[in-house]
*Asks:* 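Structure below; questions to follow.
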2 protein chains.
Amino acid sequence: MKKVTINDIARKLGTTPSTVSRALADNKRVSLKTRELVKKVAKEMGYQPNLMASSLRKGKSDLVGMIVPRINRHFFSNVISGVEEVLNPKGYSLLIMQSQENTDSEVKAVNSLMRNRVAGIIASLSVQTENLSHFQGVLDEGIPLVQFDRISNDLSGPKVVNDNYTGTYEATCQLLKSGYKRIAHFGGSELLKAYRERKKGYTDALLDKTGEVDKDIIFNDVITRDAGREMVKKVIDMGVDAIVCAGDYSAFGALEALGVLGVKVPEEFGVTGFGNEPFAEMIYPKLSSVEQEGREMGRIVARQMMDAIRGEQHTIEIAVPVKFIKRASSIR
Amino acid sequence: MKKVTINDIARKLGTTPSTVSRALADNKRVSLKTRELVKKVAKEMGYQPNLMASSLRKGKSDLVGMIVPRINRHFFSNVISGVEEVLNPKGYSLLIMQSQENTDSEVKAVNSLMRNRVAGIIASLSVQTENLSHFQGVLDEGIPLVQFDRISNDLSGPKVVNDNYTGTYEATCQLLKSGYKRIAHFGGSELLKAYRERKKGYTDALLDKTGEVDKDIIFNDVITRDAGREMVKKVIDMGVDAIVCAGDYSAFGALEALGVLGVKVPEEFGVTGFGNEPFAEMIYPKLSSVEQEGREMGRIVARQMMDAIRGEQHTIEIAVPVKFIKRASSIR
DNA sequence: TTTTTTTATACAAACGTTTGCGCATTATTG
DNA sequence: CAATAATGCGCAAACGTTTGTATAAAAAAA
């Protein structure tokens, strides 16, 4: 029941903890023979190093903290998965907390991670968050901070985002190519850069291809299914015949309402989403959407964290390529 | 850049670390006056306790390990979310690892968690896992183990599962009530109790209501969308007019194939799923399914863990109620 | 052989807490 | 007023590692 320590091993071998410690670390200062002997005995005794003691002494921990708005979101859980995939083989473990899109919880999460002396923090900001002092505190302590997806440029350090701009740019072009004339945008919160970029991709595409953009058919905060369902009814009356949505849920809501209204998609109306949620290709009609490679993003984030822990703290912004996936909802 | 410790606080106050430690812990052995003073100064200095040092000394950590097959699965990420919700307010943090449905990774995860001296481990077994010695080792060390969903009765300790049996029992009854005559079952792996229970719910319902069950139309390992799509073609030739699926993906595959074949659902054919994935009510026709309350399950799991950490290690199996949700795919 | 260098190991301090014990000082009791 | 009890605090050891320095033994050089 009692855990075996290096002292136990040392005692059994008539040597000292220091030698055992070095032997296990493959330090050349201890002879090959003893190194092997120690390792053998350690294994026999079922020795498991106490990482807390080790970290305490070394002043460096093997824990990496991660804060996401919600764990149970397709995109975020994929990112987590990718991060874990890279971090674990390197001997790091992931301490995960969710902010529930709420600044208070986010602050608590940061504090909790700091108390646990994590080697670094990976974070995607809650929508609510405006005051960033808790994260600034992390940086001030010299703890690496890697941001992803929901980032703030007011914080230094690596940032990894999707190429939101290109995603909606391509989606818009595709709708134009299909001959839709009056294309609206269902955007997200103005507060988040990700959504601002998506909107910009849409407007720039329109400007580039048609030379004009009508601000009256651009809507913020239409990201939920309900919002999409309601808003699409309004835009139909405005002569709109296609929408570029900043999310798949609002796009699905729109498709639902269109179905009820008897508006044919894609014949009379085009729709594109963003995120390529699993349901996108399961619904009818299949929804064109911008695929965000959450898993891959996670891997990139993790690599940035590894670099930062090693002391290479570059303040860069990496855009992970996205892929616009054409499906029935936007092709005619 | 240097972290402030209780020694720094003690020095500033002209007292000792022991007093500071006790003051922060609200120990009555130090006067109310000093307690308040210490806390005030601690806050001023931005003191954050070093949980590693604390845990090392106390021999108890605030970390709880969690192993799931895959983080990015709707059900699992929901459970994680629920666990986190309960554990965090109690001062525990979650160390999460994924086994990727692979025993090797599972073993590594267990070892990693043990090295981190977690207070307990929450686990859902990988399909592959047959040899349970890594988990037995956890129990032998006296570390609480709480299993959920994918459990093994060969390991002691609390287990939390869905009421799989009732879920498919009700689904089957509903299909019978709708007048379907020959009802097949698309099951999962025989190795997992969850799937065995689901199968039993189906067979028992048939026995109770019709007195007979045809083993020829019960299939194992039909859980993927592809498998469902293929298998449904076969069962149609066997005169089957409904299926109870042990998962939503195979059910969806079946619906797809039926659509292609021109078989009308629910008029000519009934389908039920299991899991109530988000897409279940977004597809056409909407899929009847058994809802598993992942979040709630997580909360229950977390509470069991709290009890176990407190030393109340009861070996019980808790069945979380499920809810059969009737939708178009099974009603006529 | 003696001296120097190398090699292998041991000693002890440190990381930041917690906690049993002891010692003053003050309050309570007979 | 002496004896006892209670209060508040300090001392020091301990948790399990790591690591700089010292020391002994062995190998190399003189």
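So you know, we letter chains A, B, ... as the sequences are listed, proteins then strands, and number each from 1. Model, not experiment: these values are computed from the prediction.
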*Asks:* Distance from A/L63 atom CG to A/N116 atom CG, nearest 0.5 Å?
*Replies:*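 Output value for this atom pair is 6.5 Å.
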*Asks:* Could you work out which one of C/dT9, C/dT17, D/dC11 sits closest to the side chain of B/T16?
*Replies:*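 Taking heavy atoms from C-beta onward, the closest nucleotide is D/dC11.
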*Asks:* Give a yes/no answer on whether the side chain of B/S21 brings an N or O atom under 4.0 Å of OP1 or OP2 in C/dT18.
*Replies:* yes
*Asks:* Quiz question: going by heavy-atom distance under 3.5 Å, is there a donor-acceptor pair between the base of D/dC11 and the side chain of B/S18?
*Replies:* yes
*Asks:* So that I can tick it off, tell me whether B/R299 and B/E296 are bridged by a salt bridge, with the cut-off set at under 4.0 angstrom between side-chain N and carboxylate O.
*Replies:*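 Yes, this pair counts.
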*Asks:* Is there a donor and acceptor pair, one atom on the side chain of B/R22 and one on the base of D/dG10, closer than 3.5 Å?
*Replies:* yes
*Asks:* Taking N and O atoms by type only, does the side chain of A/R57 place a donor or acceptor under 3.5 Å from a partner on the base of D/dG20?
*Replies:*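 Between D/dG20 and A/R57, which were checked side chain against base, a qualifying N/O pair under 3.5 Å is absent.
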*Asks:* Rounded to the Å, how far apart are A/M52 CE and D/dT18 P?
*Replies:* 15 Å
*Asks:* Evaluate the ring planes of A/F148 and A/F75, with Trp represented by its six-membered ring, and classify them as parallel (under 30°), tilted (30 to 60°) or perpendicular (over 60°).
*Replies:*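 Answer is tilted, since the angle falls between 30° and 60°.
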*Asks:* Heavy-atom count check: over 12 atoms from other residues, nucleotides or ligands less than 6.0 Å from B/K60 NZ?
*Replies:*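 Above 12, so yes.
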*Asks:* Would you mind checking if A/R150 and A/E101 are paired as a salt bridge, meaning a charged N to carboxylate O distance below 4.0 Å?
*Replies:*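 Salt bridge flag = yes for A/R150 with A/E101.
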*Asks:* Between B/G14 and B/R117, which residue's closest nucleotide on DNA chain D lies nearer the 5′ terminus?
*Replies:*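 Per heavy-atom nearest nucleotide, the more 5' residue is B/G14.
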*Asks:* Could you check which of D/dT17, D/dC9, C/dA8 has an atom nearest any side-chain atom of B/S31?
*Replies:* D/dC9
*Asks:* Would you mind reading off the distance between B/D26 atom CG and C/dT18 atom C1', rounded to a whole angstrom?
*Replies:*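 Nearest whole value for this atom pair: 16 Å.
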*Asks:* Is A/R29 side chain donor-acceptor paired with the C/dA8 base, going by distance under 3.5 Å alone?
*Replies:*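 No such pair is found, so the answer is no.
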*Asks:* Measure from CG on B/N7 to C1' on C/dT17 and round the result to the nearest Å.
*Replies:* 9 Å
*Asks:* How many Å lie between NZ on B/K28 and C1' on D/dT7, as a whole number?
*Replies:* 14 Å
*Asks:* Which nucleotide wins on minimum distance to the side chain of B/Y47, given the candidates D/dC9, C/dT17, D/dT19?
*Replies:* C/dT17
*Asks:* Which of the following nucleotides, D/dG8, C/dT9, C/dC21, is nearest to the side chain of A/T34?
*Replies:* C/dT9
*Asks:* Would you kindly give the NZ-to-P distance between B/K3 and C/dG16, to the nearest whole Å?
*Replies:* 11 Å
*Asks:* Ion pair present between A/E44 and A/K12, side-chain N to carboxylate O less than 4.0 angstrom?
*Replies:* no
*Asks:* Would you say a side-chain N or O of A/S54 is under 4.0 Å from OP1 or OP2 of D/dT18?
*Replies:*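 Yes, because at least one side-chain N or O of A/S54 sits under 4.0 Å from OP1 or OP2 of D/dT18.
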*Asks:* Rounded to the nearest Å, what distance is computed from the CG atom of residue A/L24 to the P atom of nucleotide D/dT19?
*Replies:* 13 Å
*Asks:* Is the phosphate of C/dT9, meaning OP1 or OP2, less than 4.0 Å from a side-chain N or O of A/T15?
*Replies:*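 No, A/T15 has no side-chain N/O under 4.0 Å of OP1/OP2 on C/dT9.
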*Asks:* What's the CD-C1' distance between B/E36 and D/dG8, to the nearest Å?
*Replies:* 15 Å
*Asks:* Closest nucleotide of DNA chain C for A/K58 versus for B/K58: which of these residues is on the 5' side?
*Replies:*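 The residue mapped nearer the 5' terminus is A/K58.
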*Asks:* May I have the distance from A/L56 (atom CG) to D/dA14 (atom P), rounded to whole angstrom?
*Replies:* 17 Å
